[in-house]
Number of protein chains: 2
Amino acid sequence: MTTLSQVAQRAGVTSATVSNVLRQRGKVGADTRARVLAAVEALGYRPHLTARALAEGRAPTLALMVSSIANPFYPEFALAAEQAARQHGRFLIVCNTNDDPDIGRAYLDQIAGTLSDGVLVMNANICIEDLQATARRGATVVLGMWEKPHQPPALPCVAVDFHLAGALAARYLIALGHRKIGVMVGGGVCGVHAERERGFNDALLELGHGDAVVHRMMVHDSVEGGLQGGAAMLAAAPSITAVFATNDLPALGLMHAAADLGIKVPQQLSVIGLTDIQGAHQARPALTTVAVPTAQAAAMSVALLLELIAEPQSVAPMRIAPAPELVVRASTARRSD
Amino acid sequence: MTTLSQVAQRAGVTSATVSNVLRQRGKVGADTRARVLAAVEALGYRPHLTARALAEGRAPTLALMVSSIANPFYPEFALAAEQAARQHGRFLIVCNTNDDPDIGRAYLDQIAGTLSDGVLVMNANICIEDLQATARRGATVVLGMWEKPHQPPALPCVAVDFHLAGALAARYLIALGHRKIGVMVGGGVCGVHAERERGFNDALLELGHGDAVVHRMMVHDSVEGGLQGGAAMLAAAPSITAVFATNDLPALGLMHAAADLGIKVPQQLSVIGLTDIQGAHQARPALTTVAVPTAQAAAMSVALLLELIAEPQSVAPMRIAPAPELVVRASTARRSD
DNA sequence: GTGAAAGCGCTAACAG
DNA sequence: CTGTTAGCGCTTTCAC
């Protein structure tokens, strides 16, 4: 490892000067600068980020807390977050809480404010109290994807209008003529998708079809959950012609359940999901869904986090991500029965 | 932020003593310890990881370099790696290179040896020279999943026998009676899967069916690649009864291509992949594949990395992960034509 | 322009 | 058992 002072020594200057040329700060003579740069080059010097962070009184990383990076929704968010962070000279630490509040708390205790000065929180089943305690200790916390723009949370956040997302799904299904609809609410350890369902139901009411939902069930928020729940739903309510799943994963599972039962999607059954994960357009039939602006929300969250770190006061604590959008693919069709 | 010396002051001792009680080091009197702990509690003290790392002369994180965390293969690896790292008190930084050697180099230059003392490298299209330069600068580098156990690389690694993986696929297809086989080699920016194909071909030769491959093509290593390539292959070589894809993603794409053409899998066409990503068993039909020990390799890589950091010399530079295993699901069947 | 010095928060000898 | 003393590598005033 080469240190600043080694470079300084070789260049015949002091480490302060080397620091100055490296960070284009202060005035340095042209020849001195040249000598310094030559020494840097010759020694292969690289600044020690840990030391720099300590001296600057800031942490070099941002932390991303998710329940599990293996959940297909998060990698897209993480990718965008990491790229945004890197553009600002920060690195991204991923923290998998496994939906265990203790792990979440342990993470916050350890890295918030010391290794990471900013924490980006996704659904990770972390107690809001823990987050607030973390914020009180001086770390900056941002909720990466808050589901209720009309109901600001206690912490800074980037909000996505999931109520609208649900409504878009409802309007589309109604427009296609569906009047007997099943709803699969992804829940499980991640908590329920209440706002999405509310948006769906509200839109139905507005359209005068408040009675269109003939079957509703909670399922685990996964392909498996949708598969099992879907099989049960299709058996229990054979009259339904369309299903809205509050998440793509269960929607995909439902399509499998339909396939297993010989029910043709979309001819006999329309399926619409919500989120638009990668797997959605790769499925067969490709899943119609309401796309949520994952990457944008990630980038906005990082930006918000960094602004809050820089100027804790003068920043509005909530930003609204672009509106969700209906993405029509092949899993939905006009009611034909 | 509370610092050690604040705690010390409140407890009426010196910071060294506080440090000692916190890290169970040295001998501390019971009453002193109690007072210190009380102060820690009262002040809500949390050790500053950055400062600690600097003082200890080590970096607090491990870096995971991947081409893109959004590629479905990596999150599983990343999850296991992060958990292993955390058990050893380290945090995991994810570095997406986007297969750009410049980004890879920039990452290595910045964090290796300063923020991360260990670097875990997956296929990320990083020049081996850059990695070696990094190692020479003092950082520890481990290749997370080396494909050729019989050909140790220039850097420490965890090897997975992909030659065997390919062979398992070949044996199974032959056992099912297939004699006209297509091979889809995932390539694209990630580089080709040469070893997998070699294993497949070698096994075919061994079994006396060296001529079974009637069509071979390179495709982009993605669902899209498999979809496009698959359509082309099925059009060009309608006689094939089975396809081996060197990765699950193209295999999944191929199944879609077959579905689009009305070709029934597995009745008319058997498809076998390699890796066993999450999506494989969620597909319809569920994909038969050769499972690679992703999570184990991740855990082993982290262990190797940490041992190398602790004792650079005395550690064997290559470890072999558990052997790949055939996972029979629903996309393959006995040849029936 | 450049250097000297203090300090970020913590650890690690070594003294006492 | 506990305190003193040096740093870790870097940044940042403030003199010169």
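Each chain gets a letter, A, B and so on, in the order its sequence line appears, and its residues count up from 1.
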Stem regions touching DNA chain C, defined by at least 3 consecutive Watson-Crick or wobble G-U pairs below 3.5 angstrom: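 Counting only runs of 3 or more consecutive pairs, the stems involving DNA chain C are C:1-11 with D:6-16, C:13-16 with D:1-4.
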Sugar-phosphate only, base, or nothing, as touched by B:Gly57 at under 4.0 Å among non-hydrogen atoms: nothing
Sugar-phosphate only, base, or nothing, as touched by A:Thr3 at under 4.0 Å among non-hydrogen atoms: sugar-phosphate
Toward the 5' end of DNA chain D, by each residue's nearest nucleotide, A:Arg23 or B:Ser15: B:Ser15
Contact nearer the 5' end of DNA chain D, comparing B:Asn20 with A:Ala51: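 Of the two residues, B:Asn20 wins.
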Over 12 non-hydrogen atoms of neighbours within 6.0 angstrom of CZ in A:Arg25: no
Over 12 foreign heavy atoms within 6.0 Å of CD, A:Gln9: no
To the nearest Å, how far apart are [X] [atom1] and [N] [atom2]?
X	N	atom1	atom2	value
B:Leu54	D:dC10	CG	P	9 Å
A:Lys27	D:dC14	NZ	P	18 Å
B:Gln24	C:dT11	CD	P	12 Å
A:Leu22	D:dG9	CG	P	16 Å

Pairwise P distance, C:dC10 and D:dC1 [rounded to whole Å]: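 Their P atoms lie roughly 25 Å apart.
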B:Thr17 side, atom OG1; B:Arg33 side, atom CZ - distance, nearest 0.5 Å: 11.0 Å
Inter-residue atom distance A:Asp109.CG - A:Asp130.CG, 0.5 Å rounding: 7.5 Å
Tell me whether the side-chain N/O atoms of [X] come closer than 4.0 Å to OP1 or OP2 in [N].
X	N	answer
B:Arg52	D:dC8	no
B:Thr32	D:dT2	yes
B:Thr17	D:dG3	yes
A:Ser19	D:dT11	yes

Whether B:Thr97 side chain and B:Asp99 backbone form a donor-acceptor pair below 3.5 Å: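 Between the backbone of B:Asp99 and the side chain of B:Thr97 there is a qualifying donor-acceptor contact (under 3.5 Å).
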B:Thr61 side chain vs B:Leu115 backbone, donor-acceptor pair below 3.5 Å: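 Such a contact is found between B:Thr61 side chain and B:Leu115 backbone.
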Minimum heavy-atom distance between B:Val160 and B:Pro149, given as atom pair plus value: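 Heavy atoms only, the tightest pair is O-CD, 3.7 Å.
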Listed nucleotide nearest any side-chain atom of B:Ala16, set C:dG3, D:dC8, D:dT4: D:dT4
Nearest listed nucleotide, side chain of B:Ala55, among C:dC10, D:dG9, C:dG3: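 Given the options C:dC10, D:dG9, C:dG3, the side chain of B:Ala55 is closest to C:dC10.
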